[in-house]
Amino acid sequence: MAKVVLTSLKARDFTDDEIYRAVERAIDGLDFSFRDGIQNVVVKPNLCYYWDYSTGETTDPRVVSAVIDYVRHKLGKDVSICVAEADASAMKTKYSFRVLGYDKLCQKKNAKLVNLSEGNIVDVRVNVGGKEIALPLNEILLGADLIINVPKLKTHNFIGATCALKNMFGAISKPRKFSYHEIVSYVIAGVNKIVKSHIIVVDGLIVRGSYPKKMGVIMAGDDPLATDFVALEIMGFNPKRVPYLSLAVKEQIGKVRNIKLIEDGARLSEIKRSFPSHSFLLHRISWNLQLKMLRLYEAVVGDVIPPILEK
Amino acid sequence: MNRKILLAFAASPEECEILLKVGVIGLGNMGKLHLLNALKIKGINVVAAADKSEKNRRSVEKYHVKTYDDYIKLIDAEKLDAVIVSLPNFLKREGVFSAAERKLDIFLDKPLARNFPEAQAIVQKAEKENVRLMVGVNYRYFPSVQKLKSNLDDGRIGDAVIATSELILNGPLSHSAVPTPVPDWWLNKEMSGGGALLDLGYHLIDMLSWMFGDLEVTYSNLGYRLNLPLEDSGTVVLESKKRGTTCVANVGWFSKSIFPDFNFRINVHGTVGYDSTDRYAPRNLRVHAVKEGTLNFLRRLSGRKIRYLSYTYYYSSFHEILELFFEALNKGVELPVSLEEQLDVVRVIDSVYREHGAG
């Protein structure tokens, strides 16, 4: 049975101490067994772009800081902790680590900051829904004893919503992941088939729906698929209708029957009610329609389209 | 230059069918926009463009413009009258010098240069080679800015006592339709010359200088929230020695604000009243786009000239300033933006950087 623990902070100005206590309560609630011999821990935040935590788009470094402290508390000071992220189509970690405050955090916490697009990268083949794909992955990720996935609770204009499974898409070493977008569901399911997130700590301090909102939610799970099911429920989606999640269910990437939801000081229904829901479908239809109309206008009137809007 | 000799003998520029032969140097987003705009401007013939990137060159193939992988090859091979220089800041000096030595008139993307000494060298070179150089300070040509300037000049606001201005965007960290990483030169102090102040503050200081004149810095502050080697925010307080106006420029790269959101305004508080560009800018850019698109369609139907890019509000100013540049070249009249003004903008920005040890 998969477990998901939902906690929330009461104050709007979250202090480091409050964040730590929420993270601790949430992970403790999982009764996760930290087996002996764990030496290499990889923490994977969501640093998809240069927009900092206040926008609700990227993982708050204070949540990662709390996760590092928790791991050290459980596994001792000598455990090796890497905070890892790969370059993305529009983001270079050499800048995002600085801009988002991760270089300072890792210096302070004596954790390694790793660009998953550099170093030893191997192509791992995986079969998803009858389709075989090869994904370039960093050996640091493949060799980790414990992977802690720290995604955001946010909607996404392209795939609807993003949480634990989608966050691992960002761990694929290839920077130009934009090229996967035609088969994005397969790639998300594939990477999660190869790389198992052992603990998921969802940063919902500031969520991002139709606008960013301070909600003070911290959620932990021991199964990425089950965690995503709860996260999507909060964001107002039917998880079974989200293509990458239904594929993940078919591929048995996690357990979605009998999810044990522990509401520790936070009610799912209340959080769901106050989430700033966002119709990504409307956004996509509207954006595609706008671009089509623009091209028609260009052809008929002979006006110019700024290169920044060109696909 | 043959064109100048022809102009001297022509009673009016219209009497001789002169097509300025133009080349575009640099085909990044801005260079490509200039190319697309230039293709729509009457009286010029865009003959070729140059960019080191094959991808960028390929992206303009559909416009049937010859391309080169080196701008020196372009300006040596083609008999040009003028070039549009749209290079990264650290390559501008070399680009302008090469064009000026071949006696080509130059339209240059802002900023004029990375610092004041480089700006002086560029201006001196243009003067020495007797070529005409203009910086593309397109913000002056926003309809809202034109209206504010006109009201100010007409005395509708009285004596302007305080002017505040803001331009807060995400600068080079903006996210385009096709995700592309920010080019490294943008975030390299040596190569770019500066951060938000040089990038966005250049426009504000140019407009404040154009409106009020003779600016001196009385206070400045630079911010580094993004932990980059370049400032991502800045506040500059200036005093106009000419009109006594206190001007404030607030700039930032720190906002996620994405087009069509556009966080720009100039507010002027005068002895008679208050005016702001916000009063004349479209409230909803999508509604504005539909309105302007429809008007352009009707203009096209009735055989009138369309207002290029007016549906975007923001980008039409690029077309307008480029058209004015070539119109001035064709007519042999004074350029609408003087080099003295642009030198002064760089001087002001340079003084802020020097004060903060960031120059």
Side-chain angles (χ1 to χ4, degrees), chain A residues 48-58 61 87-105 107 117 157-158 175-181 208 211-212 286-291 293-311, chain B residues 27-40 56 59-60 170-182 184 186-187 225-229 232 253-256 258-259 286 289-290 292-301 306-312 314-316 318-319:
Chain A
C48 61
Y49 202 60
Y50 307 113
W51 298 319
D52 76 14
Y53 72 94
S54 63
T55 64
E57 298 281 358
T58 52
D87 289 337
S89 300
M91 180 277 288
K92 293 178 182 174
T93 51
K94 69 175 176 180
Y95 299 129
S96 67
F97 286 157
R98 287 179 75 157
V99 168
L100 306 178
Y102 279 83
D103 57 349
K104 280 185 184 164
L105 169 77
Q107 252 178 359
S117 297
N157 285 333
F158 187 67
R176 199 138 183 85
K177 289 182 265 290
F178 187 68
S179 62
Y180 289 134
H181 275 200
R208 180 73 170 89
Y211 53 90
S286 134
W287 179 241
N288 287 333
L289 191 67
Q290 282 177 56
L291 283 179
M293 284 181 67
L294 197 55
R295 298 213 188 294
L296 180 67
Y297 166 75
E298 180 197 23
V300 172
V301 177
D303 205 340
V304 171
I305 297 183
I308 201 159
L309 288 177
E310 285 199 346
K311 278 203 171 182
Chain B
L27 289 171
N29 270 340
M30 290 315 305
K32 198 173 162 194
L33 177 69
H34 293 317
L35 171 76
L36 297 178
N37 279 330
L39 287 168
K40 305 286 183 187
N56 286 350
S59 73
V60 300
N170 43 30
L173 306 177
S174 63
H175 205 304
S176 55
V178 176
T180 316
V182 54
D184 285 330
W186 265 106
L187 304 179
R225 179 186 165 96
L226 304 181
N227 301 310
L228 293 168
D232 51 64
W253 272 356
F254 54 82
S255 171
K256 185 176 165 265
I258 299 174
F259 188 77
R286 286 191 172 88
V290 172
E292 280 299 316
T294 308
L295 285 172
N296 268 342
F297 177 68
L298 294 173
R299 286 180 191 118
R300 181 63 81 208
L301 271 184
I306 68 162
R307 292 174 59 197
Y308 287 101
L309 286 157
S310 61
Y311 69 94
T312 65
Y314 172 78
Y315 286 102
S316 61
F318 287 103
H319 184 275

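Numbers restart at 1 for each chain; the letters A, B, ... are given by sequence-line order, proteins then strands. All heavy atoms count here, side chains included; hydrogens, waters and symmetry mates do not.
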Worksheet item: Are any of the side-chain heavy atoms of B:Asn296 and A:Tyr297 separated by less than 4.5 Å?
Response: yes
Response to the item:
The ring-ring contact (aromatic ring centres under 6.0 Å, His included) partners of B:Phe254 (sequence neighbours excluded) come to none
Item to complete: Using a 4.5 Å cut-off on heavy atoms from C-beta on, say whether the side chain of B:Val182 contacts that of A:Tyr50.
Response: yes
Worksheet item: At a heavy-atom separation under 4.5 Å, does B:Arg299 approach chain A through its side chain, its backbone, both, or neither?
Response: neither
Practice prompt. With a 4.5 angstrom heavy-atom cut-off, could you sort out which part of B:Thr312 is near chain A: side chain, backbone, both or neither?
Written response: side chain
Worksheet item: At what distance, to the nearest 0.5 angstrom, does CG of A:Asp52 lie from CG of B:Leu226?
Response: 7.5 Å
Worksheet item: Nearest heavy-atom pair of A:Pro306 and B:Tyr315: which atoms, and what distance?
Response: CG-CD1, 3.5 Å
Worksheet item: Nearest heavy-atom pair of B:Pro181 and A:Ser89: which atoms, and what distance?
Response: CD-O, 3.0 Å
Worksheet item: Is the closest side-chain heavy-atom distance between A:Val304 and B:His319 below 4.5 Å?
Response: no
Worksheet item: Are any non-hydrogen side-chain atoms of A:Ser54 and B:Lys256 less than 4.5 angstrom apart?
Response: no
Worksheet item: Under a 4.5 Å heavy-atom cut-off, does chain A meet the side chain of B:Ile306, its backbone, both or neither?
Response: side chain
Worksheet item: More than 12 foreign heavy atoms under 6.0 Å from CZ of B:Phe297: is that the case here?
Response: no
Discussion item. Check whether A:Arg98 reaches the backbone of B:Asn227 with its side chain - one donor and one acceptor, N or O, closer than 3.5 Å.
Written reply: yes
Worksheet item: For A:Leu100, is it the side chain, the backbone, both or neither that has a heavy atom under 4.5 Å from a heavy atom of chain B?
Response: neither
Fill in: Greater than 12 external heavy atoms within 6.0 Å of B:Arg225's CZ
no
Worksheet entry | Set of residues satisfying side-chain contact (heavy atoms from CB on, under 4.5 Å) with respect to A:Lys94, sequence neighbours excluded | A:Lys92, B:Asp184
Discussion item. Taking atom CZ as the centre, does B:Arg286 end up with more than 12 heavy-atom neighbours from other residues, nucleotides or ligands that are less than 6.0 angstrom away?
Written reply: no
Worksheet, complete the sentence: Minimal heavy-atom distance between B:Tyr308 and A:Gly302, with the atoms involved, is CE2-O, 3.4 Å
Discussion item. For chain A, which candidate among B:Leu33, B:Asn170, B:Asn37 shows the most heavy-atom pairs at distances under 4.5 Å?
Written reply: B:Leu33
Item to complete: Can you measure from CH2 (A:Trp51) to CG (B:Leu173) and round to the nearest 0.5 angstrom?
Response: 9.5 Å
Fill in: Side chain / backbone / both / neither for B:Lys40 at chain A, heavy atoms under 4.5 Å
side chain
Worksheet item: In terms of heavy-atom proximity below 4.5 Å to chain A, should B:Leu187 be classed as side chain, backbone, both, or neither?
Response: side chain
Worksheet item: Does any non-hydrogen side-chain atom of B:Tyr311 lie less than 4.5 Å from one of A:Asp303?
Response: yes
